[in-house]
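Notes follow once the structure below has been shown.
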Protein chains: 2
Amino acid sequence: MADPDRAPHAGGESLLFLTDEQLRQGIEAMFFAYRGFTADPDRILATLDYGRAHHRALHFCACAPGTTVSNLISILGVTKQSLNRVLRTLVADGLIESRVGHADKRERNLFLTEAGQELEQRLSDAQRARMRAAYRQVGPEAVSGFRKVLEAMMDPEQRRQYHALRDGRA
Amino acid sequence: MADPDRAPHAGGESLLFLTDEQLRQGIEAMFFAYRGFTADPDRILATLDYGRAHHRALHFCACAPGTTVSNLISILGVTKQSLNRVLRTLVADGLIESRVGHADKRERNLFLTEAGQELEQRLSDAQRARMRAAYRQVGPEAVSGFRKVLEAMMDPEQRRQYHALRDGRA
DNA sequence: CACTTTAGGGCAGCCTTGTTGACATTCCAA
DNA sequence: TTGGAATGTCAACAAGGCTGCCCTAAAGTG
């Protein structure tokens with residue numbers, strides 16, 4: 001109860017905005033917003049008998065073509081067995097191509113096929129549309145703050161990967 | 001390709017910040033940040049053989065004591081069968097008390113027991129700690145933007161519930 | 001006052017997608 | 001060249017979504 005953030009003498013917003021209630025609101029906002037964030041792609045995926053796991057695999061294959069299973073595992077934070085099941089169906093359905101590694105034959109390099117690119121684009125478009133609408137609505141100032149908070153919330157390892165992906169495309 | 005957001009004449013950030021690449025970064029930030037957002041409570045839950053679903057139930061029971069199963073269902077966006085399984089274990093473990101409704105005996109009013117409050121507090125504390133650290137790091141300006149974007153990303157129904165919860169506590 | 005309809009809630013069973021365990025292949029280093 | 005480490009695959013299991021079916025209580029209707 002001696003939390004300085006709740007100290008009565010903290011008159012300015014700079015301290016007051018960290019009350020438990022404010023933090024709780026942020027937590028709930030994150031919860032509800034994430035539902036919205038995934039809602040549009042989820043609807044498309046459902047019609048194709050795919051799930052969010054497939055979307056994630058397609059997304060990161062799209063933005064890092066030729067990536068390996070290992071790399072995808074560390075980005076997605078799942079076990080290789082879990083990823084493998086998803087990849088297997090995507091390869092079987094002709095959305096992803098898995099080529100045996102050139103230098104290291106243990107590795108598999110993953111690429112989207114034309115059909116894979118097409119679906120990934122459809123999913124991305126749906127998700128971006130909502131993002132774009134939100135960004136437009138609140139303005140660049142708010143978007144900058146949004147990005148800052150998200151980055152500050154990541155684990156260091158996740159932040160590292162986030163930057164690596166960005167830089168890889170730049 | 002005639003996307004106005006990518007128009008080369010858009011010199012100011014006010015238009016440029018909506019490129020596909022910027023939106024893609026936002027999407028990935030959301031993905032990585034959500035992992036961080038749930039990481040701390042997840043660790044606690046794992047030691048108790050609970051999952052995120054239990055955390056959610058505890059959270060919304062805590063902030064709306066006496067709420068009904070129906071209400072929880074609409075907040076969480078899951079089916080009653082799905083919620084029921086989670087509630088059953090929480091009631092069996094003595095973390096939640098389910099009282100038959102007073103006016104309408106079909107309803108069940110849900111309350112946290114003392115043990116339930118204790119666990120909810122532990123989970124909340126862990127999650128808030130990360131949120132607090134992030135908020136502190138980026139400052140109130142950024143936090144305000146963060147909240148604005150999240151709210152803009154919600155579906156109207158989710159936004160309505162988000163506000164209802166806030167107002168219910170105010 | 002019965003009698004049907006509607007709503008809240010519970011149980012059983014299925015599916016996706018996480019998990020660990022066991023295994024094959026490939027590479028590399030002793 | 002051989003044993004260990006790394007990559008990826010297959011099998012089996014668990015959590016938590018889902019639909020379907022059922023019971024009880026309330027509400028509407030003759």
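As the structure is a prediction and not an experimental result, all values here were calculated from the model. Every chain is numbered from 1 and lettered A, B, ... according to where its sequence line falls, protein lines coming before strand lines.
Straight-line distance from the CG atom of B/Leu48 to the P atom of D/dA14: 19 Å, rounded to whole Å. Atom C1' of nucleotide C/dT17 and atom CG of A/Leu83 are separated by 11 Å, given to the nearest angstrom. Nucleotide D/dC18 holds its P atom 15 Å from the CG atom of A/Leu45, rounded to whole Å. To the nearest angstrom, P of C/dT25 lies 15 Å from NZ of A/Lys80. Rounded to a whole Å, the NE2 atom of B/His55 is 19 Å from the C1' atom of D/dG17. Here the C1' atom of nucleotide D/dG17 and the CG atom of A/Asp49 are 15 Å apart, to the nearest Å. Rounded to whole angstrom, the span from the NZ atom of A/Lys105 across to the P atom of C/dC27 amounts to 6 Å. The nearest whole Å value for the distance from the CG atom in A/Asp42 to the P atom in C/dC15 is 20 Å.
Listed nucleotides D/dG17, D/dG8, C/dC11 differ in distance to B/Ser82; the shortest reach to its side chain belongs to D/dG17. Among the nucleotides C/dG18, C/dG10, D/dA26, the one closest to any side-chain atom of A/Val78 is C/dG18. Nearest nucleotide to the A/Arg85 side chain, out of D/dA12, C/dT26, C/dC11: D/dA12. With C/dT17, C/dA22, D/dG8 as the choices, the nucleotide that has an atom nearest any side-chain atom of A/His54 turns out to be C/dT17. The side chain of B/Ala53 has D/dG16 as its nearest neighbour among C/dC27, D/dG16, C/dG21. Residue A/Arg106 has its side chain nearest to D/dA5 when only D/dG16, D/dA5, D/dA25 are considered.
Between A/Thr79 and C/dT19 there is a side-chain polar atom (N or O) within less than 4.0 angstrom of OP1 or OP2. Checking the phosphate oxygens (OP1, OP2) of D/dG17, a side-chain nitrogen or oxygen of B/Arg56 falls inside 4.0 Å. Distances shorter than 4.0 Å separate some side-chain N or O of A/Asn84 from OP1 or OP2 on D/dT9. Considering only side-chain N and O atoms, B/Ser70 lies under 4.0 angstrom from the phosphate OP1 or OP2 of C/dG9.
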key: Verdict with supporting geometry, B/His54 and B/Leu90, side chain to side chain contact (heavy atoms under 4.5 Å, CB included)   = CA-CA 8 Å; B/His54 300 86; B/Leu90 290 172; 4.0 Å; yes

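Each of A/Gly51 and A/Ala103 lies near DNA chain C, and the nucleotide nearest A/Gly51 is the one positioned closer to the 5' end. Both A/Asp104 and B/Thr68 lie close to DNA chain C; mapped to their nearest nucleotides by heavy-atom distance, the more 5′-ward contact belongs to B/Thr68.
At a cut-off of 3.5 Å, with distance as the only test, a side-chain donor of A/Ser74 or A/Gln161 sits close to an acceptor on the other residue. Under 3.5 Å, the side chains of B/Gln25 and B/Glu21 contain a donor-acceptor pair of N or O atoms.
The cationic atom of A/Arg56 (NZ for Lys, CZ for Arg) does not lie both less than 6.0 Å from the six-membered ring centre of A/Phe60 and within 45° of the ring axis.
The base of D/dG17 does not come close enough to the side chain of B/Gln81 for any donor and acceptor atom to sit less than 3.5 Å apart.
By the 4.5 Å heavy-atom criterion applied to side chains, B/Arg130 and A/Ile27 are not counted as neighbours.
Using a 4.0 Å cut-off between a side-chain N of Lys or Arg and a carboxylate O of Asp or Glu, A/Lys148 and A/Glu151 do not qualify as a salt bridge.
Using a 4.0 Å heavy-atom criterion, one finds that A/Arg52 contacts the sugar-phosphate atoms exclusively. At the heavy-atom level, A/Ala46 lies nowhere under 4.0 Å from the strands shown.
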